[in-house]
Number of protein chains: 2
Amino acid sequence: MATMRDVAERANVSIATVSFVVNDTKPVSPATRARIVAAMKDLNYQRNVVARALASHRTRIIALLYPALDHRAGPTIMKFITKAASVAHSRGYDFVLWPVSNDAEQMSHLLAGGLVDGVLLMEVQVNDARVDRLVESAVPFALIGRTNDSSLPFVDIDFKVTLEKALDYFTSLGHTHIALVNEHTPGGLLDDLGPLVRTEASYREGMIARGLVPQVVFCEGSPQSGRLAATDVLALNPDTTAIIVMNENAAFGVVSGIKRSGLLVPEDVSVLSISTSSEMGALSDPILSTMNAPASELGELGVGALIDQLEGTVAHPPQLLIACPLVLGESTGPAPTRRR
Amino acid sequence: MATMRDVAERANVSIATVSFVVNDTKPVSPATRARIVAAMKDLNYQRNVVARALASHRTRIIALLYPALDHRAGPTIMKFITKAASVAHSRGYDFVLWPVSNDAEQMSHLLAGGLVDGVLLMEVQVNDARVDRLVESAVPFALIGRTNDSSLPFVDIDFKVTLEKALDYFTSLGHTHIALVNEHTPGGLLDDLGPLVRTEASYREGMIARGLVPQVVFCEGSPQSGRLAATDVLALNPDTTAIIVMNENAAFGVVSGIKRSGLLVPEDVSVLSISTSSEMGALSDPILSTMNAPASELGELGVGALIDQLEGTVAHPPQLLIACPLVLGESTGPAPTRRR
DNA sequence: CTGAAAGCGCTTACAG
DNA sequence: CTGAAAGCGCTTACAG
């Protein structure tokens with residue numbers, strides 16, 4: 001592998017000058033530049049990124065810290081990662097995966113190695129020790145999700161607007177008895193997870209603001225528990241004509257639960273799966289109406305926010321919220337006109 | 001951030017000696033070692049991985065090359081990546097994601113930067129230009145999947161054994177008319193993809209070896225096309241009592257297609273989804289019987305094979321095949337005793 | 001068992 | 001516009 005020195009010798013210049021043209025960091029006369037470019041081509045020169053990193057104090061690597069224990073592995077997270085890595089690459093950064101347990105200690109250790117210029121932290125909890133560690137580490141970061149500390153840079157789903165849109169949609173179809181099936185794993189890792197908290201709060205607010213009565217049933221992240229939840233909802237309030245489900249796996253169960261109760265989807269009960277993906281929705285029969293987690297957008301904006309910080313192109317740490325777009329499938333429709 | 005020099009001064013030794021204890025690479029007397037360890041603790045010393053990489057000619061980073069355009073993003077690939085990253089970490093390596101288009105040029109460029117010690121290439125095609133580039137780049141690698149060149153190190157699903165197990169299972173239940181719905185995207189990226197080719201070949205061989213008549217119908221990777229495929233299968237041969245589906249999305253459609261034909265799953269027709277995951281299977285009603293893609297195993301063994309090469313702990317490049325384990329759901333059962 | 005020193009391949013003030 | 005030189009923070013023969 002040719003080095004900068006090789007190029008410099010062949011082009012009869014100093015390695016500093018080679019560096020200037022490689023990085024386009026100082027003006028170089030057209031003639032010299034041409035000689036250098038030719039030499040690079042001849043030698044098939046490729047700059048060594050490790051040496052560059054050591055000398056420049058910038059590795060141009062960013063890390064995604066994600067919960068190693070997380071076995072939820074749908075299209076959403078994969079899209080997020082794929083997009084994040086692509087955007088990083090297109091801006092000249094490498095993207096490393098750091099699976100960390102919730103143990104913040106291990107994280108500090110990784111950061112101290114100096115491998116990365118910045119960090120993206122996902123699955124941020126409302127109170128998150130890892131965030132505190134990040135702050136004290138002085139390594140630039142952006143959060144996917146957010147804590148209570150409103151001064152930190154983050155990108156998150158706008159659950160308030162998402163729920164507003166969901167409720168607007170249903171009320172415009174004449175629904176008044178709209179239930180929420182929300183994920184809740186007591187004592188588990190998901191406890192204290194912002195999305196669930198914010199979803200429920202936004203739902204309740206939105207219902208009350210519309211003069212409607214909130215009805216929340218909890219489920220776990222499985223079709224089976226979704227089935228139970230559907231039964232519960234219908235038992236608690238047989239007038240329910242619409243269900244918003246905040247867990248894509250449970251949504252499948254909600255549909256089959258309703259069917260097993262002898263009711264039709266969407267003729268009797270509409271089902272809307274939120275914070276999920278159309279790909280998942282398409283697997284259901286009827287195809288689920290969904291509000292899609294903006295995974296690619298979160299990846300793109302998250303990486304963008306981080307790199308903007310790294311490159312100092314931004315004054316304030318950005319705080320971005322993105323609502324889930326509504327994609328109609330076959331599982332929602334007008335409220336039934338006659339009582340069942 | 002404290003450097004090795006700081007530690008050396010505080011412990012009154014040379015930086016070489018510090019290096020020896022940090023890396024445990026040469027014997028150091030207990031007394032000196034103790035002083036150095038204490039100094040490191042005092043200064044909260046953490047070795048700079050970039051400097052180490054430059055000096056040692058080893059970055060301890062491995063890359064996963066994956067198709068950027070790939071929008072198939074189920075639990076399988078996520079499990080693979082998660083496990084691969086974890087195993088890499090536990091062996092002291094960082095794991096970077098390199099989304100590359102099929103363009104082999106870009107790949108060579110990345111490799112030449114010297115960021116990584118080795119590479120994992122996934123979605124390997126039967127004839128794959130990227131593999132040729134890898135070979136000539138002299139960067140150690142392992143393939144997930146395999147080409148025609150049988151001398152390269154790889155880890156792959158054992159489709160032959162998988163199909164054998166599937167056929168054994170069905171014939172033991174009395175099925176004789178067993179169809180295969182295989183994914184096939186003409187002219188697309190998936191064309192020429194080994195798994196589809198090997199699945200079909202193994203299926204045909206297996207059927208013929210059992211004195212049965214193979215029946216193959218193609219589908220694309222969607223529930224809709226699975227629905228069509230189910231209809232086709234039943235039209236072509238109404239005696240079909242079992243269907244093996246080689247695409248998890250299509251499998252959902254196969255089930256609903258059968259139901260829409262007025263038949264029951266599994267009472268009339270059994271459906272087995274292969275190279276998928278139980279998580280996906282659980283979303284179906286009835287729950288799909290599946291043969292699960294060994295995603296974690298592929299990740300673990302792939303990374304293991306690569307790192308073994310890097311560390312020279314292995315003589316021959318390993319070639320590993322893993323069959324998909326059968327997990328029974330509700331979508332398969334005995335062959336119906338009476339003709340429909 | 002320990003140290004002095006070269007070197008990894010770059011970047012970056014500084015000087016001209 | 002170009003160059004000489006220091007330095008990034010380590011590893012690794014080599015010598016003792």
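Below, chains carry the letters A, B, ... as their sequence lines are ordered, and counting in each starts from 1.
Going from atom CZ of B/Arg35 over to atom P of C/dT2 covers 8 Å, rounded to whole Å. Here D/dT2 presents its C1' atom at 13 Å from CZ of A/Arg33, a figure rounded to the nearest Å. Remark: P of D/dC8 and CZ of B/Arg5 are 9 Å apart, rounded to the nearest angstrom. Atom P of nucleotide D/dG7 and atom CZ of A/Arg58 are separated by 23 Å, given to the nearest angstrom. The CG atom of A/Asp24 sits 12 Å away from the P atom of D/dC1 (whole-angstrom rounding). Summarising the geometry, the separation between CE on B/Met4 and P on D/dC8 is reported as 15 Å, rounded to the nearest angstrom. Between the CD1 atom of A/Ile15 and the C1' atom of C/dC8 there is a distance of 12 Å, given to the nearest Å. Per the geometry, CG belonging to A/Leu54 stands 8 Å off C1' belonging to D/dC10, to the nearest Å.
Shown here for A/Ala112 and B/Met1, the closest heavy-atom pair between the two residues is O-SD, 3.9 Å. Residues A/Gln319 and A/Leu152 come closest through the heavy atom pair NE2-O, 2.7 Å. Heavy-atom minimum distance, B/Gln309 versus B/Pro153: NE2-CG, 3.7 Å.
A salt bridge is defined here as a Lys NZ or Arg NE, NH1 or NH2 lying under 4.0 Å from an Asp or Glu carboxylate O, and A/Asp42 with A/Arg35 fails to meet this definition.
If you run side chain to side chain contact (heavy atoms under 4.5 Å, CB included) between B/Leu64 and each of B/Val119, B/Leu120, B/Leu306, only B/Leu120 comes through.
At least one donor-acceptor pair closer than 3.5 Å links the side chain of B/Asp117 to the backbone N or O of B/Thr59. Formation of a donor-acceptor pair under 3.5 Å by the B/Glu300 side chain with backbone atoms of B/Lys83 is not found in this model. At least one donor-acceptor pair closer than 3.5 Å links the side chain of A/Ser137 to the backbone N or O of A/Leu134. The backbone N or O of A/Arg91 lies less than 3.5 Å from a partner atom in the side chain of A/Arg60, making a donor-acceptor pair. Under the 3.5 Å distance criterion, the side-chain polar atoms of A/Ser19 are left unmatched by any main-chain donor or acceptor of A/Ile15.
Looking at A/Leu321 and A/Phe154, their side chains come closer than 4.5 Å, going by heavy atoms from C-beta outward.
Within 4.0 Å (heavy atoms only), B/Ser19 reaches at least one base atom of the nucleic acid. The residue B/Thr32 sits close only to the backbone: its heavy atoms come under 4.0 Å of sugar-phosphate atoms, none of a base.
B/Ser56 has no side-chain polar atom (N or O) that falls below the 4.0 Å cut-off from OP1 or OP2 of D/dC10.
Side-chain proximity of B/Ser14 to C/dC8, D/dG3, C/dG3: nearest is C/dG3. Listed nucleotides: C/dT12, D/dC8, C/dG3. Nearest to the side chain of A/Ala16: C/dT12. Considering only side-chain atoms of A/His57, the nucleotide from D/dC8, D/dG3, D/dT11 that sits closest is D/dC8. Nearest nucleotide to the side chain of A/Thr17, out of D/dG9, D/dT11, D/dT2: D/dT2. In this structure, the nucleotide among D/dT12, C/dG9, D/dG9 sitting nearest to the side chain of A/Ala55 is C/dG9.
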Please tabulate, one pair per line, each protein N/O and nucleotide N/O from nucleotides 14-16 of chain C that are separated by under 3.5 Å, including the distance.
{"from": "C/dC14", "atom 1": "N4", "to": "A/Lys26", "atom 2": "NZ", "distance (Å)": "3.1"}

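When only modelled atom types and interatomic distance are considered, B/Asn292 and B/Ser277 share no side-chain donor-acceptor pair under 3.5 Å.
Within residues 42-53 of chain A, no residue has a heavy atom under 4.0 Å from DNA chain D.
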Dot-bracket notation for DNA chain D is requested: 5' to 3', Watson-Crick or G-U wobble pairs only, both distances under 3.5 Å, with ( ), [ ], | and . as defined. |||.||||||||.|||

